[in-house]
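One structure is given below, encoded as structure tokens.
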There are 2 protein chains.
Amino acid sequence: MSGGYTPGMSEKGAAAQHAAGPSVTGRALAVLDSFDQTHRRQSLAAISRRTGLPLTTVHRLVHELERHGALARGADGDYEIGSKIWRLGTLASVHVELREVALPYMEDVYQLANDAVQIAVLDGLRILVVDRIAGSRSIEVLSKPGSRLPLHATGVGKVLLAFGGQELQDAVLGSLDRYTDSTITDAPTLKAQLLTIRSQGFAVTREELAPGATSVAVPLRGKGGTVIAALGVVSSSDNAEISRMVPVLQVTAAALSKKLAQSGLGEASRLR
Amino acid sequence: MSGGYTPGMSEKGAAAQHAAGPSVTGRALAVLDSFDQTHRRQSLAAISRRTGLPLTTVHRLVHELERHGALARGADGDYEIGSKIWRLGTLASVHVELREVALPYMEDVYQLANDAVQIAVLDGLRILVVDRIAGSRSIEVLSKPGSRLPLHATGVGKVLLAFGGQELQDAVLGSLDRYTDSTITDAPTLKAQLLTIRSQGFAVTREELAPGATSVAVPLRGKGGTVIAALGVVSSSDNAEISRMVPVLQVTAAALSKKLAQSGLGEASRLR
DNA sequence: CAAGAACTTCCATCTCATGGAAGTTTCGCA
DNA sequence: TGCGAAACTTCCATGAGATGGAAGTTCTTG
């Protein structure tokens with residue numbers, strides 16, 4: 001009432017669990033954000049637990065979101081992301097323009113490589129897999145569209161890192177998680193590799209993220225020559241010929257880059 | 001104001017511009033919803049105009065949404081859907097599970113048909129294009145992933161309609177928009193065709209949505225045999241052999257349906 | 001069949017969204 | 001190059017709408 005209400009910067013020390021801020025919008029997005037690759041369908045209570053929001057609040061929000069098609073309720077009562085969100089996501093231009101333009105070229109690569117072909121952009125300190133093509137029996141890869149994978153242990157990631165800003169490299173080189181025996185966790189080693197990648201124009205990984213998977217990748221450039229994405233092939237490790245794909249990727253990348261520049265891509269991919 | 005607010009079924013006649021309801025969540029979603037295929041990037045003022053919300057309100061909401069990555073600001077200051085939304089959309093199971101499972105099969109069809117291959121589900125009274133494969137030079141089709149197209153003028157649409165509920169058919173047959181000279185706008189005619197489609201298991205359209213485009217489509221079934229999606233090929237009209245694709249589609253659909261049933265698809269696709 | 005968990009409804013309290021007004025920046029045009 | 005208009009941003013008094021504890025209902029599980 002009449003009394004207090006100090007603007008902001010008061011708490012912070014206390015709970016401060018979910019940095020959602022007190023706004024309704026923030027809370028609604030926190031609810032949506034509680035869904036991820038391993039929590040695609042959640043019960044009300046689960047959402048409440050994961051967001052730290054009181055059950056009643058979640059209940060209200062979730063129902064409102066459902067009414068608008070942002071969430072959908074599965075047959076078992078669990079909730080999942082609704083088609084409205086999917087449709088909207090379809091409009092995210094970096095990804096969609098990229099995807100629209102790139103898919104046909106990825107097809108071409110796929111025909112030659114017969115291994116999983118993927119394309120990714122930078123998203124914070126990880127790669128965001130924008131799209132991927134894989135035959136009915138390509139090796140089981142971790143990357144699905146929407147996956148966020150580490151920069152230093154994937155082919156596309158190394159490319160984006162090598163051509164990324166100093167600021168980005170510093171942040172990533174600061175902490176290199178290990179995924180397999182072959183993961184490069186030594187900053188100087190990686191740094192040297194990045195230089196090579198820059199000069200030779202492609203990157204290679206050998207079982208650095210998952211055992212049995214090898215990949216090569218090349219950069220994609222937009223307007224003005226800025227690297228805005230990376231194109232790569234992931235194959236099973238026993239395929240010694242994977243480096244054979246480099247020229248194919250490079251030719252494709254050249255053609256694709258021209259197209260991308262035309263369709264106006266070229267900003268994007270900033271480190272948030 | 002102070003007065004009324006009868007629960008539901010009141011307005012409809014009057015303005016009723018944006019049936020957003022007074023909730024914050026509703027308003028935030030209205031902002032997001034103001035983005036569509038033809039309005040992928042919008043200025044603050046444009047959003048305000050299109051949603052009917054006061055500029056100040058939009059200003060606040062948009063900034064909040066941007067802070068959370070739900071919107072992104074392009075280089076020119078315009079806003080667009082952000083990668084957070086895209087990533088979330090990636091989790092929408094009907095579409096993603098569907099897409100994940102179906103893409104390889106679509107590949108196979110594409111190799112044989114060499115024409116645009118698409119897959120769609122029901123979304124209200126339209127189809128929602130879930131995915132599409134097209135070579136670098138397939139005919140320019142209207143369907144991109146995320147497009148919502150009419151049920152009675154597309155191959156996939158007719159399939160979904162033919163296998164849809166009575167309620168759905170009634171609603172659609174009630175108003176059949178015309179797109180070309182060949183569009184079927186006579187309810188009895190269409191009704192007869194739907195029966196044929198049900199019995200023979202595939203649908204054909206000839207220039208009913210856009211001149212020069214022909215398509216064939218077959219149903220995809222999930223757990224329990226319910227039709228949950230449709231698979232189709234779109235080709236240029238002078239391709240007399242398009243019906244040659246029917247067996248291919250049917251074989252593929254059979255295999256795909258089995259897979260879909262396995263991965264638990266089978267609810268979804270209800271008429272909201 | 002009982003106990004606990006998940007979900008829903010209710011409602012008094014007060015926080016936070018609201019949107020008009022006014023100030024600042026950007027843009028288009030002469 | 002300068003002026004008017006449009007786009008954007010900041011401010012803040014007000015009250016609409018969000019909040020969440022409590023209690024009731026329905027589903028699970030042992």
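Side-chain N/O atoms of B:H63 include none lying less than 4.0 angstrom from OP1 or OP2 on D:dC8. At D:dA7, one or more side-chain N or O atoms of B:R49 fall inside 4.0 Å of OP1 or OP2 (strictly under the cut-off). Look at A:H59 and you'll find a side-chain N or O under 4.0 angstrom from OP1 or OP2 of C:dT8.
Within 4.0 Å (heavy atoms only), A:L55 reaches at least one base atom of the nucleic acid. Contacts of A:S43 with the nucleic acid, taken as non-hydrogen atoms under 4.0 Å apart, involve only primed sugar atoms and P, OP1 or OP2.
Protein atom CD of A:Q42 is 11 Å distant from nucleotide atom P of C:dC7, rounded to whole Å. The interatomic distance linking A:L71 (CG) with C:dC7 (P) rounds to 14 Å, in whole Å. Whole-Å rounding puts the B:E64 CD to C:dA17 C1' distance at 11 Å. We find that CZ of B:R73 is positioned 11 Å from C1' of D:dT9, with the value rounded to whole Å. At whole-Å resolution of the value, CG in B:D78 and C1' in D:dC8 are 12 Å apart. Rounded to a whole Å, the CG atom of B:L61 is 12 Å from the C1' atom of C:dG19. A straight line from CZ of A:R60 to C1' of D:dG17 spans 9 Å, rounded to a whole angstrom. The nearest whole Å value for the distance from the CG atom in A:L44 to the P atom in D:dG20 is 14 Å.
Here A:E80 pairs with A:R41 in a salt bridge; the nearest charged N to carboxylate O distance falls below 4.0 Å. A salt bridge links A:R99 and B:D131; the closest N-O separation between the charged side-chain nitrogens and carboxylate oxygens is under 4.0 Å.
Here D:dA7 is the nucleotide among D:dA7, C:dG19, D:dT9 with the atom lying nearest to any side-chain atom of B:A45.
With the nearest nucleotide of DNA chain C identified for both A:Y79 and B:T56, A:Y79 has the one nearer the 5' end.
Results of the side-chain hydrogen bond (donor to acceptor under 3.5 Å, both in side chains) test with B:S34 over B:R49, B:H39, B:Q42, B:R50 single out B:Q42 as the only residue that passes.
Between A:S43 and A:D78 the shortest side-chain heavy-atom distance falls below 4.5 Å.
Between the side chains of A:E64 and B:S23, at least one donor N or O lies within less than 3.5 Å of an accepting N or O.
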